[in-house]
Amino acid sequence: MMGSGMYGFSIWGLLLNIVVIIVIIWLAFSLLNRSDYVSSGNNERLARLEKDVEDIKKMVEDIKEKLDEI
């Protein structure tokens with residue numbers, strides 16, 4: 001009985017098993033990316049972004065002061 005069951009010797013069963021494994025790996029990977037396991041890289045990126053925002057605020061204040069002088 002070729003192709004009769006998922007765990008038999010059929011190509012379709014093998015492909016289905018591979019697809020199920022890929023979906024499980026993809027779900028685990030996406031859940032780990034949302035969790036705190038990757039937070040160290042995100043914290044560094046957030047700190048750089050906050051520093052850039054502060055620099056931009058200072059530049060805007062300097063420009064305002066120069067425009068007020070003119």
Side-chain angles (χ1 to χ4, degrees):
M1 292 175 108
M2 292 295 288
S4 64
M6 185 172 146
Y7 296 103
F9 290 108
S10 71
I11 299 293
W12 297 114
L14 179 66
L15 289 176
L16 184 61
N17 284 335
I18 291 172
V19 169
V20 168
I21 290 170
I22 290 172
V23 168
I24 290 172
I25 290 172
W26 176 73
L27 284 173
F29 185 74
S30 64
L31 289 175
L32 285 175
N33 277 341
R34 291 183 186 175
S35 69
D36 290 335
Y37 290 114
V38 191
S39 65
S40 62
N42 289 337
N43 286 340
E44 291 174 5
R45 194 177 337 172
L46 184 60
R48 280 186 276 146
L49 183 64
E50 288 174 351
K51 182 182 175 191
D52 290 342
V53 168
E54 291 298 321
D55 291 341
I56 292 172
K57 283 182 182 180
K58 288 178 185 177
M59 286 177 24
V60 168
E61 288 175 7
D62 291 342
I63 292 172
K64 274 185 177 180
E65 289 175 5
K66 290 180 181 181
L67 286 176
D68 287 341
E69 289 177 6
I70 294 176

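- Rounding to the nearest 0.5 angstrom, the gap separating the CG atom in Asp68 from the CD1 atom in Ile63 is 12.0 Å.
- Here Asp52 contributes atom CG and Arg48 contributes atom CZ; the two are 8.5 Å apart, rounded to the nearest 0.5 Å.
- Interatomic distance, Met59 CE to Asp55 CG, rounded to the nearest 0.5 Å: 8.0 Å.
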Exercise for review: Evaluate the criterion side chain to side chain contact (heavy atoms under 4.5 Å, CB included) for residue pair Glu54 and Lys57; output intermediate values, then yes/no.
Suggested key: CA-CA 5 Å; Glu54 291 298 321; Lys57 283 182 182 180; 4.0 Å; yes

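- In terms of hydrophobic clustering, with Ile, Leu, Val, Met, Phe, Trp and Tyr side chains grouped at heavy-atom distances under 4.5 Å, Val19 and Trp26 are assigned to a common cluster.
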